[in-house]
Amino acid sequence: MAANSNSENHRKVYLSLMFIVATALMVYFMPRDNRHKYSYEENRPWSYALLTAPFDITVYRDSATVKAMVDSIDNVMVPIYRRDLAAESRAVEAVESADSISPFIRSRLISAIRQAYAHGIVDQQTASRIDRGELPEVKFTEHNINISHSTAGYMSQRMAYTMIDSIFRDGEGHRAVRAVGLSSLLHPNMVEDKEATRMYRESLIQPIVAGVGVIQKGERIISQGDIVTPQIYQVLKTYETTLDKLTNNDRNRQRNTLAGQTLYVIILLGLLYGFSLLYYPDKLGRPKEMMALLLLLTVFFIITVVLSHTFVSGIYIVPLAIVPVIISVFYDTRTAYFTYLVEILLCTVLATFPLEFIFIEMTAGSVVIFSLKELSRRSQLLRSAAVGFLAYVVSYIAVELMTAGSLGSLSWKLIGFFGVNALMISFAYILIFVFEKLSGMVSVVTLVELSDINNSILRQLSQECPGTFQHSMAVSNLATEAAHRIGANVQLVRAGALYHDIGKIDNPAFFTENQYGINPHDALTPTQSARIIIRHITDGLRRAEKAKLPAVVKDFISQHHGRGKAKYFYTMYCRAHPDEVVDEEPFTYPGPNPQTREASLLMMADTVEAASRSMTDHSQEAIRALVNRLIDAQVADGLHNESPLSFRDIRDIKECFISRLRSMYHARVQYPAGVTAGKTEGKSEETTATDTLTEAGSQETQPRQQTATPDASDSITKTD
């Protein structure tokens, strides 16, 4: 009891920590800079009531106009340069101080340098712009006036060096140029004054970004239904920015906003917890599943935050419909729908138009859920993605017609986002695999793959234990039919039925369905036989572990006999030792008893199918009596006490088994023997009919092989 109490406490601590971490992450990424902002977009109708100015608001040009005007200024603006007189002086002084050249050559070289600087020397970047025709002139500030000068004669440092070097072609002049290191002496004397250029540019831009008017306090800004023009959009932005500045230092407001967001997330996650507690209390006992679910919601919320801040209407790029697709694979449609609703409400705080966002996302997500009843093929995701895209577009058109009254403002960019969204839904297979690994749950996709009879284990079972394989196939068909009837997990039952007896591969001859005239149990005691029969549970679990089968499939192997007994050998032992108090444990399966509806269903199907094989009377009454007796005996023995199976489920299972067995063992029409033309000549129609009836009658009266057992409830077989 103490161990169970500690385990329960640890589970509660894990759950609490998971919810706290998920809440903290979502609140951290929630925007808190829109306290005074409305949800609106350019060229869309204003969805709110009349808005008037609470204070004087300066009207500015809209951003698009400002950008266009600034770009125009940048294209025609001439930069401001200055003359660096010191550059020429440093070059001349360096030549004058050179003792290795003659005075004549020195004088000529200084003259050439002064001539080059008189033309103007610029850096290589400026020279390239001049060559491309991008800089035909520059400005110089003279007496506080900017005067333009042509750049036609300007040279780069390399060009100036080449010009001077060409003057001194004789040997002595050429040596002098190299001796003074002329290439390192020539520095630009026409240099851009970046600070003066920046100030000049700002002086040109200032009138553009300055206000062009004022909306006085109490004056109308926009009325409901008006289109948000670029100019009004700029006024609204100014209004919001001013309000933010006025309340920027209001710490109480910031704390209240944070508290409200935290409470918002707690309420939504609390609703999800309550839903799980009401419908899936067993899931809460497995923290990995809840962790995977919370991680899924948190990751998609963060992705939505990032994309909504990166792109205008970027919230519609996020494939939120993947969330219900993944959940429906592991749970059911009801859980998928509720979880999707929680995710939508979490992301609504990021939407520009919340009601529009909820309507569009709920419509598209619902259509995707409805189109994906059970995911078993990749092509189903493509179909769901297609219908999801169609639902996005149709619901978006509906909103546009309702709010704007026309499709004139329809955004093709937004429709493109819907297309990207739908395309990513078709890749949900990858996330299903990741979710499966994180949660430890098994998806329908995996169960479908496991149900392929070409699987290595099932192929080995069919080769080494053909009778057991046929039994497993028959149990699978019987159990899945009943699973359909009671609403259980059909694919899980099918997979569990196919693998429940794989432990018989180790000793196939000890099981009746694989015997051919020789029964090895004849040489064993009941205790030894029971040990071998019971061991197929542990052998099956060992094989399942080696093959890395999912835990839910291994549960079918361990639970399909529960804590029941190998009754045939137990009865034989009791008869051989009438005066002895028999220990039941050597004849009892290790269990546990079935814990789920699916495991209980498999136990019933396994027993009924095995027992039906030894029946000689396949009438409806005999089949009904067999089914009722075997299942009622299991219920009386308490084998299904730990399963959530209801009495109504048991009744429906019985009726399904009876109907299925009647179909399997229905009477067949006796076909007449083939007759050649020569042998029938001369015979009348009456004689031929009589011969046929006589032959048919002789076949029906042939004795049928029977297997007598001491206890019919022991699956009517010696091997249980």
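On a predicted model such as this, the values are computed, not experimentally measured, just so you know.
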For the residue pair [X] and [Y], establish whether any side-chain heavy-atom pair is separated by less than 4.5 Å.
X      : Y      : result
Gln595 : Ser643 : no
Val442 : Phe330 : no
Met30  : Tyr264 : yes
Met26  : Ile302 : no
Leu269 : Leu294 : yes
Val387 : Phe370 : no
Leu51  : Leu236 : yes
Leu401 : Tyr396 : no

Interatomic spacing from [atom1] in [X] to [atom2] in [Y] - rounded to 0.5 Å:
X      : Y      : atom1 : atom2 : result
Leu645 : Thr596 : CG    : OG1   : 9.5 Å
Asn455 : Leu498 : CG    : CG    : 9.5 Å
Met18  : Leu293 : CE    : CG    : 10.0 Å
Ile432 : Leu381 : CD1   : CG    : 6.0 Å
Thr298 : Glu343 : OG1   : CD    : 8.0 Å
Leu296 : Phe435 : CG    : CZ    : 6.0 Å

Flag, side chain of [X] to backbone of [Y], donor-acceptor distance under 3.5 Å:
X      : Y      : answer
Ser328 : Val325 : yes
Ser223 : Asp226 : no
Tyr499 : Leu450 : yes
Ser395 : Ala391 : yes
Glu356 : Ala351 : no
Asn75  : Asp71  : yes
Ser72  : Ala68  : no

Regarding [X] and [Y], is there a side-chain donor-to-acceptor distance under 3.5 Å anywhere?
X      : Y      : value
Ser384 : Ser371 : yes
Ser128 : Asp131 : no
Tyr337 : Ser366 : yes
Glu361 : Tyr340 : yes

Steps toward side chain to side chain donor-acceptor pair (under 3.5 Å) verdict (Gln491, Ser451): CA-CA 8 Å; Gln491 200 61 54; Ser451 299; 3.2 Å; yes

For [X], check side-chain contact (heavy atoms from CB on, under 4.5 Å) against everything at least two apart and list the hits.
X      : answer
Lys194 : Glu192
Glu134 : Arg129, Arg132
Thr126 : Tyr81, Val122, Asp123, Ile130, Leu135
Leu307 : Ile303, Phe311, Ile317, Val318

Summary of salt bridge (Lys or Arg N to Asp or Glu O under 4.0 Å) pairs that have at least one residue in residues 397-408, sequence neighbours excluded: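 Qualifying pairs, neighbours excluded: Arg44-Glu400.
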
SB check Arg459 Asp452 (cutoff 4.0 Å): no

Are Phe275 and Tyr279 an aromatic pair, judged by ring center distance below 6.0 Å?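 Yes, they do, as the ring centres are separated by less than 6.0 Å.
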
Quick check on the 6.0 Å ring-centre criterion: do Tyr273 and Phe19 meet it? yes

Closest non-hydrogen atom pair, [X] against [Y]:
X      : Y      : value
Ala398 : Phe359 : CB-CE2, 4.5 Å
Val493 : Thr480 : CG1-N, 4.1 Å
Ile227 : Ile222 : O-CD1, 4.3 Å
Asn489 : Glu598 : N-OE2, 2.9 Å
Thr52  : Ile221 : C-CD1, 3.9 Å
Ile415 : Phe389 : O-CE1, 3.7 Å

How are the rings of Tyr316 and Phe418 set to each other: parallel, tilted or perpendicular (split at 30° and 60°)? perpendicular

Given Leu346, Val305, Val323, the one that forms side-chain contact (heavy atoms from CB on, under 4.5 Å) with Phe300: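 The option that passes is Val323.
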
Could you tabulate the donor-acceptor pairs under 3.5 Å formed by side-chain atoms of residues 204-218, not counting sequence neighbours?
none

Worked verdict on Glu481 versus Arg485 for salt bridge (Lys or Arg N to Asp or Glu O under 4.0 Å): CA-CA 7 Å; Glu481 187 73 21; Arg485 179 76 64 90; 5.6 Å; no

Trace of the side chain to side chain contact (heavy atoms under 4.5 Å, CB included) decision for Phe417 with Leu414: CA-CA 5 Å; Phe417 286 172; Leu414 195 56; 4.1 Å; yes

Enclosure of Glu219 CD (heavy-atom neighbours >12, cutoff 6.0 Å): yes

Around atom CE of Met199, are there more than 12 heavy atoms of other residues, nucleotides or ligands at under 6.0 Å? no

